[in-house]
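These notes are about the structure you will find just below.
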Amino acid sequence: MTTTTGSSSATGATGAGRTRVEGRDKVTGAARYAGEIPFAGLAHGWLVLSTIARGRVTAVADEPVLAMPGVLAVLHHGNAPRVDADYVGMLGRPNPVVGLFQHDRVPFTGWPVALVVAETSEQAREAAEALVVGYEEEPHDVAFRAGRDDAYRPEDSPMVQADAGKGDVRAQLDGAAFVVDAQYTTPEEHHCTMEPHAATARWDDGRLDVIDSNQGSGWVAAEIAQLFSLDRDSVRVRSEHIGGAFGSKGLSAHQVAAVMATTVLGRPVRVVMTRRQMFSLVGYRSPTAQRVRIAADADGRLRAFDHEALNLTSTVHEFVETSAVLGRVLYDAEAHRTRHRVVRLDVPTPTWMRAPGEAPGSFAIESALDELAEKCGIDPIALRARNEPATGPVSGLPFSSRNVLACFEEGARRFGWADRDPRPGLRREGRWLLGTGTAAASYPSGVGRSTAAVTAEADGTFTVRINASDIGTGARTAMTLVAADALQVNPDLVRTRIGDSDLGHAMIAGGSTGTRSWGWAVRLAAADLRERLALGGGIPPEGITARSDTADAIDALPQQERHSFGAQFAEAAVDVTTGEVRVRRLLGIFAAGAIVNPLTARSQLTGGMTWGLSMALHEEAVRDAATGGHVNADLAGYHVASHADVPLVEADWVDDPVPGDPVGIKGVGEIGIVGVAAAIANAVWHATGVRHRELPIRPDRVLRAAGETPGA
Amino acid sequence: MREFGYQRAHDVAGAVALLGAAPDARLLGGGTNLVDLMKAGVERPGLLVDVRDLPLDEIRATADGGLRIGATVSNSDLAAHPAVRRHYPALTQALLAGASGQLRNMATVAGNLLQRTRCGYFADLAKPCNKRAPGTGCPAVTGDHRNHAILGASVHCVATHPSDMAVALAAFDAVVTYETADGPGELPLDAFYLPVGDTPHIETALPAGAVITGVTLPPVLAAAHSRYRKVRERASYAFAIGSVATALDVRDGVVRDVRLAFGAVASRPWRARAAERVLVGGPADADAFAAAADAELAAAEPLPGNRYKVTLTRNLVVTELARLAEEATR
């Protein structure tokens, strides 16, 4: 069961709970997703993936397959159109997997080696499964673990500062009253969007038209244009409805394959991934191995904070899981060091996945803080309050707003934290040992340049055009509400068009930046329109349109630490005779700026928290060392929390005004998951007296720990 | 998907005939496992013989006080049947611990018995698997085997049988009945599933072309006091990592009859006869329960990644028997 608490006063369109404007279309099936929009003459492509983890393709036996019923083409490195993957896109260089069929090298199991196109999806699949691909196999290495001597420090980039620090960690550790020095690991985790990746491409009157499911249609359009050396304006990408993305839906192999095939065949081509293919083609969260060393004075004041995080990447592209950035925001110390290291293995390239960095990073440092609280004999919340920094611990910059302690205060009140006996292993109810835990949460509140157009129509309605992406979050509804507020009209008079690269540049739906970025552009255009309408005069048939571009406004923002914050609380029950762990309660209180739509914001927060529960107890992609591929690449084997695992989940927020900020919105997409796994692990410790530093907290691990700990 | 034929059988003889005429035919019950395997390419039947219309959907009492369960009875109907709930509660509990409401509505008794392992290597055509492709090897022995067998396995295969229902049936001496072109036959569940040996791809002793007609449960006095307990890696929608069906008949502090079967530890539901022998005629106390579990699990040969199953199964035996013993004294 999931419940939410409280309600905001409905003084305007924003701040009042509104159901999704496209909700009826979605529940009746009227909303069409990328893989189900009909086209005359549609052909179907099926990707063929490598079955070896390293080596090269020696032969693709396409002749017999071309003779199979309905087969139209087999594309592979020997015949595919040439593309240029040597470009820098909006978020950096592309993952080389989009350079489809350009050479014979195979860098991981699941690398695309061919596309079979046929009249029907079934024919394409049958032919794809019949296609014999010859390989020259080379030894591979997929073994991720702490302490690999080939780990390296990644180069700094605009996205990642590998190392940061101040002071002498060694000296502070030596002189401290209490020290925690622990290793934490998190496994490979996958986005598992409900809607698989799907794209349909066709040439339409000299323009490339792609119907896709992505997080930024302008982003994907620009990358396709760069990859295929096309004029940017000759590519249109639409993404009307998206069944989840979580970081996995940018340019991937399926759009590239569809564009190649439609170019070769001259008819529309659709490529849809299977669940199994998604496990190797669309990115994932890297496993992490993290070492946290924190040292404190007798009164719990931090003297040293040292966090080093290792993740893996592929041999063809670098991705850094920024697990250690969280400590640069949450805690100050005399000596402060945060470092990222990467190891290259014969695996697919990881990518952003919900709260990239902060999700695994918070498991490590928020567990370590709890261990320190235990050692110091200080309440975990009091320990955090004692170490609340006045400014950015590493940057020295002021916080735009920081209400993490207000979150703890409100959460502790609602959760009944004051009555908690801190000693572990004392509470029993039947076969269950009970415990509670808490953790802090933080995630950056970023912004990206966006443009918008708002039109006053002659019939008295308004049309908002913003190339936002509604990846299931309620973005379309949020922009409708923001516009209605800014125009001071009823939301029913506002139509919002999103998900079309022809609408102009806008930020992607990613990194919790969407609502802030798009909302700003919509407000600016709406305000401009109101001024123009205030001048009086009639509205011409084509309407009156005001446009905005937030580029200058973003440049004018002062340098600040801008983040959402939160406090997570969990109650867990553990049966140490079977290893079962059940979460009984989750409560998250957040400080995330102005909340545009409480209804969908809560859904995002409770969804994130539920994912955190899943991360704590269930999720884990298992890689087979011998073949380099997964052994559980489907939703039967890759466990996400089932309904029966999800108890009472409450999310709410405290007031979080952002003084001087022109938008006041921070974003709630990621913050919900941050800290949840640590809160649960801390609750499991409180229940049993055993620290679990490896995720997920599986029954076999609980059993093993119980066997190793007398009295547990 | 490959093309395949589909025919619906209306009587048992018709099903036997259709099956006999096409060597690559498979019987389609609820399809809850077979269709998945067809999608994955693991099963490639040329013909599906739909048996859901066979007149085998009844549950009735037998003259000796047992139950006769038709092969096409749905898992939902079996779980809900008053006689099952009253006389074999562990069977109802096992059924309800399996799958989801939707799957239980579709899945049949015979299909449940014949479902295939959920070993990740078995389901993936890109990997070796002796059960799917004999002679290719068993990568689970050195690879991922956290949820694999600790009892009765071989170097050729360490897969487990996924059924919950079959564990309860094994505890109650169920007998599988079938029909062939040469006439009817029957197999006690103990003999129905074959040892793994070097032929893990041959899972049952059913003769070629046989159609299962049902399962007969003998009267088992102890079964009225029975339980099924399943442990899995999430609260629902997962296969067992350990399970036990237990039944206990205690009189005057002495164990008159006890039934123990384990799930998720072997290629078959594991009837724990060694444990039962330890208990019968002795006291119903914690020490006896632990000794019984240890007697059975002495034969366990866990792999490095599934040693926990020995502890888990032992703990389940002790706690479940203790609970039954406690109920018996009320």
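In what follows, chains carry the letters A, B, and so on, assigned in the order in which the sequence lines appear, proteins first and then strands, with residues in each chain numbered from 1. The figures here come from the full heavy-atom set of this structure, side chains too, leaving out hydrogens, waters and symmetry mates. Small disclaimer: the values here were computed from a predicted structure and weren't measured.
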Side chain to side chain contact (heavy atoms under 4.5 Å, CB included) assessment of N315(B) paired with L703(A): CA-CA 10 Å; N315(B) 289 349; L703(A) 280 167; 4.0 Å; yes
So what's closer than 4.5 Å to chain B heavy atoms on [X]: side chain, backbone, both or neither?
{"X": "D575(A)", "value": "side chain"}
{"X": "R701(A)", "value": "neither"}
{"X": "L613(A)", "value": "neither"}
{"X": "H639(A)", "value": "both"}

Heavy-atom closest contact ([X] atom, [Y] atom, distance):
{"X": "D645(A)", "Y": "A235(B)", "answer": "OD1-N, 2.7 Å"}
{"X": "R276(A)", "Y": "A123(B)", "answer": "NH2-O, 3.9 Å"}
{"X": "S236(B)", "Y": "A644(A)", "answer": "CB-CB, 3.7 Å"}

Part of R229(B) lying under 4.5 Å from any heavy atom of chain A: side chain
Which atoms of L312(B) approach chain A - backbone, side chain, both or neither, heavy atom under 4.5 Å: both
How long is the gap from [atom1] on [X] to [atom2] on [Y], to the nearest 0.5 Å?
{"X": "T578(A)", "Y": "I241(B)", "atom1": "OG1", "atom2": "CD1", "result": "8.0 Å"}
{"X": "Y121(B)", "Y": "N632(A)", "atom1": "OH", "atom2": "CG", "result": "10.0 Å"}
{"X": "R623(A)", "Y": "D144(B)", "atom1": "CZ", "atom2": "CG", "result": "12.5 Å"}
{"X": "D624(A)", "Y": "T142(B)", "atom1": "CG", "atom2": "OG1", "result": "7.5 Å"}

Ion pair R146(B)/E620(A), N-O distance below 4.0 Å: yes
R307(B) bridged to D700(A) by N-O distance under 4.0 Å: no
Contact winner vs chain B - L49(A), T51(A), T627(A), heavy-atom pairs under 4.5 Å: T627(A)
Does atom [atom1] ([X]) have a neighbourhood of more than 12 heavy atoms from anything else shown, all under 6.0 Å?
{"X": "Y135(A)", "atom1": "OH", "result": "yes"}
{"X": "H140(A)", "atom1": "NE2", "result": "yes"}
{"X": "E301(B)", "atom1": "CD", "result": "no"}
{"X": "R56(A)", "atom1": "CZ", "result": "yes"}

Close side-chain approach of R698(A) and E233(B), heavy atoms under 4.5 Å: yes
Full working for side chain to side chain contact (heavy atoms under 4.5 Å, CB included) between R234(B) and V640(A): CA-CA 8 Å; R234(B) 59 181 164 184; V640(A) 299; 4.1 Å; yes
Side-chain (K127(B)) to main-chain (V631(A)) donor-acceptor, under 3.5 angstrom: no
